[in-house]
2 protein chains.
Amino acid sequence: MRTEEKIFEAAFRVFQLKGFKGARMQEIADEAGINKAMLHYCFKNKELLFEAVFMNAFGKLAPQINEIFKSQDSIFEKIKKFTDSYISFVIDYPFLPQFIIQEMNNNPEFVTKFLEKENRPDPTKLIHQIENEIKLGILKPINPKQLLIDIFSMTVFPFAAQALLKGMIQVSNEEFMQLMEERKKYIYEQIITSIKK
Amino acid sequence: MRTEEKIFEAAFRVFQLKGFKGARMQEIADEAGINKAMLHYCFKNKELLFEAVFMNAFGKLAPQINEIFKSQDSIFEKIKKFTDSYISFVIDYPFLPQFIIQEMNNNPEFVTKFLEKENRPDPTKLIHQIENEIKLGILKPINPKQLLIDIFSMTVFPFAAQALLKGMIQVSNEEFMQLMEERKKYIYEQIITSIKK
DNA sequence: ACATTTGTTAACCAAATGGTTAAACCAAAT
DNA sequence: ATTTGGTTTAACCATTTGGTTAACAAATGT
């Protein structure tokens with residue numbers, strides 16, 4: 001179904017840029033190069049179209065996150081893999097993080113709705129692992145949740161707050177992406193240094 | 001002007017929660033306990049009301065940020081003061097960061113508009129200072145911009161991605177705020193450990 | 001060949017929404 | 001007491017917006 005895809009991709013772009021409330025069905029139709037009625041023919045209504053887009057967006061990110069939560073690697077290895085693969089991925093979808101965060105904040109019910117899914121990112125195993133490696137004396141005694149927050153903060157924030165950051169530290173889009181490229185390795189080194197005993 | 005304040009505070013709450021596009025003038029009027037026409041009497045239109053709120057919001061945060069950019073302290077001291085005072089402040093306005101980031105992303109023109117102000121946060125001095133302390137051998141050789149991004153990421157992200165984080169690591173609002181309280185000291189220690197030579 | 005389902009459109013509709021108007025209210029000045 | 005100025009409201013208006021309808025075209029099955 002060619003048309004359905006065109007709509008979906010148009011919706012993906014528009015929703016990502018304008019958010020749910022800001023997006024206009026007409027704009028999505030124009031972007032897809034079809035009549036507005038087609039939107040409702042293919043995707044009942046705005047909510048459902050948005051939900052499809054949002055779940056797809058989250059579905060793209062979840063595997064990246066789950067990797068770090070589920071794999072058998074050591075903490076160090078996990079952090080290395082995560083920062084690298086997450087940033088690599090997000091460089092290709094630079095507006096995904098802010099989109100997901102924004103809509104989660106604006107529609108808190110999404111959070112619960114999403115946590116009901118089976119493959120939801122669940123950090124409990126990782127947290128146990130951290131606690132264990134602390135006991136073993138591999139890591140300094142820190143709050144595992146804080147470390148988790150660190151990892152996400154360092155990787156996700158620059159993309160989520162892109163506009164503000166670019167403006168504040170005065171870098172072009174190219175320089176910014178260059179910084180992010182450099183950041184893959186950088187984050188890993190910083191975090192390891194700060195938690196290794 | 002009692003009414004004007006009531007409107008402003010109502011708008012502050014509603015805009016923060018729903019964003020510019022999501023906020024309804026009627027809702028702001030209800031929240032302020034006045035007639036919708038009063039909004040337009042006091043603040044011409046939605047854009048102007050929003051701009052007042054947004055600039056005020058940013059105006060509250062800017063001093064916190066400028067402190068770290070302008071003071072004469074050492075890097076270590078700056079980071080300590082910043083994380084502590086920023087988080088303390090934001091605990092009282094937990095939705096400010098996401099609000100500012102969201103609207104900056106949705107209205108990129110705000111960024112340029114804001115960068116024109118005189119008291120805009122300007123990190124060049126801090127960056128020079130970092131470069132200098134690296135030369136002096138106090139800090140490891142790192143990219144100063146990365147360090148800057150780290151500091152913001154670690155402090156701001158948890159608030160900006162509040163809904164997602166709370167859901168993912170499964171903490172109540174109280175536990176979350178407790179984590180943030182703990183985080184004031186934690187961030188400082190982590191960063192120092194990772195950059196001190 | 002023909003009927004039926006599927007895809008597509010232009011025109012239309014009702015509700016929501018930002019914004020306006022004209023009248024009422026009310027305190028202070030005259 | 002009356003005027004006058006700002007303040008407040010109810011009712012109204014124009015536009016936008018999500019959504020529908022009915023007609024039409026294009027496949028698709030028989």
Side-chain angles (χ1 to χ4, degrees), chain A residues 1-57 95 99-100 102-110 113, chain B residues 1-57 95 99-100 102-110 113:
Chain A
M1 221 122 280
R2 190 81 248 120
T3 307
E4 204 161 326
E5 274 178 44
K6 278 198 295 182
I7 291 176
F8 188 88
E9 271 158 43
F12 189 76
R13 271 169 283 161
V14 176
F15 277 133
Q16 221 172 158
L17 216 59
K18 310 275 180 91
F20 176 72
K21 291 281 186 179
R24 295 291 95 115
M25 293 299 264
Q26 187 59 59
E27 194 184 348
I28 296 175
D30 294 346
E31 179 88 12
I34 48 98
N35 188 288
K36 185 165 64 102
M38 260 328 264
L39 297 186
H40 296 88
Y41 179 73
C42 294
F43 301 82
K44 196 75 178 166
N45 59 38
K46 194 183 181 184
E47 265 87 17
L48 286 179
L49 175 55
F50 177 80
E51 216 169 289
V53 167
F54 184 81
M55 286 308 171
N56 175 275
F95 299 109
F99 172 62
I100 289 170
Q102 170 170 324
E103 299 305 328
M104 286 249 176
N105 281 331
N106 289 167
N107 317 344
E109 68 275 14
F110 280 10
K113 185 184 251 178
Chain B
M1 222 121 279
R2 188 84 248 118
T3 307
E4 204 162 326
E5 273 177 43
K6 278 197 296 183
I7 292 176
F8 187 89
E9 270 158 43
F12 189 75
R13 270 168 284 162
V14 175
F15 277 133
Q16 220 172 157
L17 216 59
K18 309 275 179 91
F20 176 72
K21 292 280 185 180
R24 294 294 94 116
M25 292 300 264
Q26 187 59 59
E27 195 185 346
I28 295 175
D30 293 348
E31 180 87 11
I34 49 97
N35 189 287
K36 186 163 64 100
M38 259 329 262
L39 297 187
H40 296 88
Y41 178 74
C42 293
F43 299 83
K44 194 76 179 164
N45 59 37
K46 195 182 181 184
E47 265 87 16
L48 286 179
L49 175 54
F50 177 80
E51 217 169 289
V53 167
F54 184 81
M55 286 308 170
N56 175 275
F95 299 109
F99 171 62
I100 289 171
Q102 170 169 325
E103 299 306 328
M104 286 252 177
N105 281 331
N106 290 167
N107 317 350
E109 69 274 13
F110 279 11
K113 185 184 253 180

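Worth knowing before you read on, the calculation uses all heavy atoms, side chains too, and leaves out hydrogens, waters and symmetry mates. These figures come from a predicted structure and were not determined experimentally. A note on names: the letters A, B, ... follow the listed sequences, proteins ahead of strands, and every chain is numbered from 1.
Side-chain atoms of A:E4 do not come within 3.5 Å of backbone N or O of A:C42 as any donor-acceptor pair. In terms of modelled atom types and a separation under 3.5 Å, the side chain of A:K21 and the main chain of B:A23 share no donor-acceptor contact.
The distance from atom OH of B:Y41 to atom C1' of C:dA22 is 14 Å, rounded to the nearest whole Å. Here the C1' atom of nucleotide C:dG18 and the CD atom of B:E27 are 15 Å apart, to the nearest Å. One can place CD of B:E4 at 10 Å from P of D:dT8, the figure rounded to the nearest angstrom. Atoms CD1 (B:I28) and C1' (C:dT17) sit 12 Å apart, rounded to a whole Å. Distance B:F43 CZ to C:dG19 P: 14 Å, rounded to the nearest Å. Distance CE (A:M38) to P (D:dC24): 18 Å, rounded to an integer number of Å.
Nucleotide D:dG6 has C:dC25 as its partner under the Watson-Crick or G-U criteria, with both atom distances under 3.5 Å.
Annotation: the span from B:E47 atom CD to B:L49 atom CG amounts to 10.0 Å, rounded to 0.5 Å. Atoms CD1 and CZ, from B:I28 and B:F43 in turn, are 10.0 Å apart once rounded to the nearest 0.5 Å.
Considering A:F99, A:F12, A:F15, A:F8 as possible partners of A:F54, the one that fulfils the ring-ring contact (aromatic ring centres under 6.0 Å, His included) test is A:F99.
Residue-level contact check: A:L39 touches neither bases nor backbone, having no heavy atom under 4.0 Å from any strand.
Put simply, A:T3 has a side-chain N or O that comes within less than 4.0 Å of OP1 or OP2 on C:dT8.
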### Summary
Contact string for nucleotides 14-20 of chain D, one letter per nucleotide 5' to 3', B = base within protein heavy-atom range under 4.0 Å, S = sugar-phosphate only, - = neither, reads ---SBBB
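Here the two rings, on A:F110 and A:F50, have centers that are under 6.0 Å apart.
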